[in-house]
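Okay, structure first, notes after.
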Amino acid sequence: MSTQFSSSLTASFRSHVCGALRADNVGSQVKLSGWVQNWRDHGGVIFIDLRDRYGLTQVVFNPENAADAHELAHMLRSEFVVQVEGEVVTRPDGTVNANMATGEIEVLVAQVKILNKSETPPFSIDDTREVGENVRLQYRYLDLRRQPLQEAMIVRHKVTKLIRDYLDKQNFLEIETPVLTKSTPEGARDYLVPSRTNPGSFFALPQSPQLFKQLLMVAGFDRYFQIVKCFRDEDLRADRQPEFTQIDMELAFVEADDIINLVEGMIALIFKELKDFDSVLPYTRITYQDALDNYGLDAPDIRFDMHLVDLCRVFAETSFKVFRSVLDKKGIIKGLNLKGGASLSRREIDDLLEVVKIYGAKGLAWIKVNEDGWQSPIVKFFEESEVEALGQAMAAEAGDLLLFVADKAEITNESLGRLRLHLGTKMGLIDEDKLSFCWVVDFPMFAWDAQEKRHTAIHHPFTAPLDEDLDKLETEPLAVKAKAYDLVLNGVEVGGGSIRIHDAEIQTKVFNLLNIEADEAQEKFGFLLDALGFGAPPHGGIAFGLDRLMMLLLKRQSIREVIAFPKTQKATCLLSGAPNTVSPRQLRDLSIKKA
RNA sequence: GGGGGCGUAGUUAAGUUGGUUAUAACGCCGGCCUGUCACGCCGGAGACCGCGAGUUCGAGUCUCGUCGCUCCCGCCA
């Protein structure tokens, strides 16, 4: 990034930016424009730290050198916008500031112009002290002046530029898809936009450009990408905003491996360029089943090596009532071995119970493996043979804490999986500097929704089944695996995609399984189905969550820290006041009545 | 829809078992200071303790409600 302006376009305001000047520049006449970060008035000489996004330069007003400028400098306050003109000089001996990139020099001001005054800002721009997020969001334009958000925006730009350059070299075309599009009731809640010209009808903002990118494949643009806003009207989280940015890609004439290889290169490049991190390619691949078995979650954090252990076999014949009844109801029992955890207090173990309770587990059994035997409220219910088998299965050693959940499979897996993460953080088992990528593959096509009594698509209804599972589509749908793949970084899903169905017959079968009738499918996705009938090439794609990627890249606690103008948890904008009520006139135009 | 946390000068925080005039730091305003860079020194202003109700002789503190911010569960094909 250039830090010096030679262009005559900008020369009227500045010859250099505020981070540019070095000892080499001593003696030259320069012009700087920027914001007053700080001022130090010594009665005689006045120092100003002038800031722009490139850095800080100390400028000096000396009454003996330029009396008028010095007089004017008394008026300067925080965040005033000023232009100064003067000579670059070396700082006197002993006053070099090693903490500043420009610390060897200063600008001796001959002329100063106040370009604009500023109100006293509600928080200081240079202070690293935490400021309440509501204040930061209300004055986001000031928050954006501060270093963390400056860095985030700059890095974000670098990332999207790397992506565009990388994909351009790979023959991708960036093509825009509509923002005013059609509501698809499957999936997340849509943001709706009323159509004035079609009273009673609504556009939906896209949850993803899914259908349109598939149409682009039919159209013959065999490599498409887009860095695109997507919208979901669901509740927010630290890593979820109602509008977010996706790196969206689709390719024709490819298999899953082709896509995986291609985007691995892109992700590896990003982390190499911005973190100097050398990826070992290809990234590890973990099957969905292995992820659940070993980590309890479909987005495993493999930065640390603690696995869930299946104990169903150990306790197959148990007479311990709690375990017995779970097994009889087709539930499962799994355990975690927290190495060295025997030193945890009773109170700390109770806190762990609270963690698993969040995810529906009713209890958390535990055993402290002490030098002189096992200490536990439940061991007395076990047979000697069970104790031995358990010790072996868990590789128990003196000092360990064994933790167990027995429940329905989903609850056991998720609660222990989350407990594993909790322990990883709390016990310092996670190296926070580590970047552990993995692909999760072989997702099932369908899940069974017991409440609605129907199959639901785990990925989406256009995902293709594995070729070898095609014959199970009708007989054993829950055993069918999909050509789907997720990229997981440090336990966070950062991307996901699939090979799509390009065969109308298979698509019909999948819709049938999802209880989507032919006429319903036609009404919802007819335009895609029609298109698939006109020579759709085999195709597939992937989408990455840019915000989440940025959050991990910059180690921020929230997605809001990498978005210029984020929304609050209630999906409002504290800066603009959106959403707001509108005039009766506007509603009348749209044929909308308030409920 | 549900559970937890927070809300006190502009900002960040302290505020004891309910008890005189609600503290501090930074910032702000005024003054002094010619080498600072978290400049220093002297002085000053600044708070309807989120809002509303209740309990009490007395509420920043206790109770209820409400609003806002936040974390999580549900939700997010």
Side-chain angles (χ1 to χ4, degrees), chain A residues 37-50 56-65 70 74 77-79 89 91-100 102-103 106 108 119-139 142 184-190 207-208 210 230-242 244 354-360 411 414-415 418 422 443 445-447 449 451-452 454-463 482 484 493 496 498 510 514 516 524-525 545 557-558 560 566-570 572 574:
Chain A
Q37 168 114 329
N38 192 11
W39 77 97
R40 297 174 291 280
D41 181 349
H42 287 259
V45 68
I46 297 175
F47 299 100
I48 302 277
D49 294 333
L50 201 62
L56 283 176
T57 301
Q58 173 165 283
V59 301
V60 192
F61 299 85
N62 192 321
E64 290 161 11
N65 185 64
H70 179 263
H74 281 112
R77 294 293 183 272
S78 288
E79 299 309 308
V89 298
R91 295 192 183 189
D93 281 350
T95 63
V96 166
N97 187 341
N99 298 321
M100 273 173 108
T102 60
E106 60 195 11
L108 185 58
E119 300 291 326
T120 302
F123 48 83
S124 97
I125 305 304
D126 62 325
D127 207 336
T128 49
R129 176 196 280 179
E130 294 278 331
V131 177
E133 200 170 2
N134 48 351
V135 183
R136 291 176 52 206
L137 288 173
Q138 190 186 340
Y139 299 94
L142 298 181
T184 51
E186 289 271 321
R189 202 174 284 119
D190 285 319
Q207 297 175 26
S208 98
Q210 181 61 37
C230 300
F231 306 85
R232 292 181 189 172
D233 187 6
E234 297 292 347
D235 285 352
L236 286 75
R237 288 283 193 285
D239 62 353
R240 269 164 36 189
Q241 283 273 305
F244 58 98
E354 293 308 311
V355 173
V356 296
K357 269 188 174 172
I358 294 170
Y359 305 97
I411 290 179
E414 188 177 12
S415 60
R418 297 287 188 164
H422 176 84
F443 281 82
M445 283 282 286
F446 308 105
D449 186 330
Q451 273 190 341
E452 302 217 358
R454 66 179 188 107
H455 293 99
T456 55
I458 290 210
H459 195 60
H460 58 56
F462 315 107
T463 300
E493 183 200 326
S498 65
V510 169
L514 295 170
I516 301 176
K524 284 178 182 168
F525 323 110
Q557 292 305 304
S558 147
R560 296 183 299 276
K567 306 247 181 323
T568 69
Q569 199 173 39
K570 284 191 74 185
T572 65
L574 291 180

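Please read all numbers here as calculations on a predicted model, not as lab measurements. Here is how names work: the chains are called A, B, and so on, in the same order as the sequence lines, proteins then strands, and each is numbered from 1.
Of the nucleotides present, B:C29 is the one that pairs with B:G43 by Watson-Crick or G-U wobble criteria, both distances under 3.5 Å. The partner of B:A53 is B:U63, by the rule that a Watson-Crick or G-U pair needs both atom distances under 3.5 Å. Across every strand in view, B:C6 sits in a pair with B:G68 that passes the Watson-Crick or G-U test at under 3.5 angstrom. With a 3.5 Å ceiling on both atom-pair distances, B:C37 lacks any Watson-Crick or G-U wobble partner. Shown here, B:U16 forms no base pair; nothing in the strands shown gives a Watson-Crick or G-U wobble contact with both key distances under 3.5 Å.
Residue-level contact check: A:R136 touches neither bases nor backbone, having no heavy atom under 4.0 Å from any strand.
Here A:R129 does not reach the OP1 or OP2 of B:G27: none of its side-chain N or O atoms lies under 4.0 Å away. An OP1 or OP2 oxygen of B:C69 is reached within less than 4.0 angstrom by no side-chain nitrogen or oxygen of A:K570. At B:C39, one or more side-chain N or O atoms of A:R40 fall inside 4.0 Å of OP1 or OP2 (strictly under the cut-off). Between A:T572 and B:C69 there is a side-chain N or O to OP1 or OP2 distance below 4.0 Å. When the side-chain nitrogen and oxygen atoms of A:N38 are compared with OP1 and OP2 of B:C39, one or more of them lie within a distance under 4.0 Å. Contact check, A:T120 against B:C28: no side-chain N or O comes under 4.0 Å of OP1 or OP2. Taking side-chain N and O atoms only, A:S78 has a distance below 4.0 Å to OP1 or OP2 of B:C28.
Between A:Q569 atom CD and A:Q241 atom CD the span is 10.0 Å, to the nearest 0.5 Å. Of the inter-residue distances, the one linking A:N38 atom CG with A:I48 atom CD1 reads 8.0 Å to the nearest 0.5 angstrom.
B:C32 sits 43 Å from B:C69 when the C1' atoms are compared, rounded to a whole Å. Rounded to the nearest Å, the gap between the C1' atom of B:G1 and that of B:U56 is 37 Å. Taking the C1' atoms as reference points, B:G68 lies 23 Å from B:C75, given to the whole Å.
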Restricting both atoms to N or O, compile the protein contacts to nucleotides 4-8 of chain B shorter than 3.5 Å, with distance only.
none

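Not a single ring-ring contact (aromatic ring centres under 6.0 Å, His included) links A:Y359 to another residue, sequence neighbours left out. A:H422 pairs by the ring-ring contact (aromatic ring centres under 6.0 Å, His included) definition with nothing, not counting sequence neighbours.
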Open item on the list: What verdict does the side-chain contact (heavy atoms from CB on, under 4.5 Å) test give for A:R77 and A:T120, after you've listed the backbone C-alpha separation in whole Å, the side-chain angles of each residue and the deciding distance to 0.1 Å?
Closed with: CA-CA 8 Å; A:R77 294 293 183 272; A:T120 302; over 6 Å; no
TODO: Apply the test salt bridge (Lys or Arg N to Asp or Glu O under 4.0 Å) to residues A:D235 and A:R240: give CA-CA distance (whole Å), side-chain angles for both, the deciding distance (0.1 Å), then the verdict.
DONE: CA-CA 8 Å; A:D235 285 352; A:R240 269 164 36 189; over 6 Å; no
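In this model, a side-chain donor or acceptor of A:E106 finds a partner on the base of B:G35 within 3.5 Å. For a distance-only test at 3.5 Å, the side chain of A:D49 fails to qualify as a donor-acceptor partner of the base of B:C37. At a cut-off of 3.5 angstrom, the base of B:C37 holds at least one donor-acceptor pair with the side chain of A:R91. Remark: the A:R240 side chain and the B:C76 base include a donor-acceptor N/O pair separated by less than 3.5 Å. For B:G27, its base never sits under 3.5 Å from the side chain of A:R77 at any donor and acceptor pair.
Ring geometry for A:H460 against A:F462 counts as tilted: the plane angle lies between 30° and 60°, on a 0 to 90° scale.
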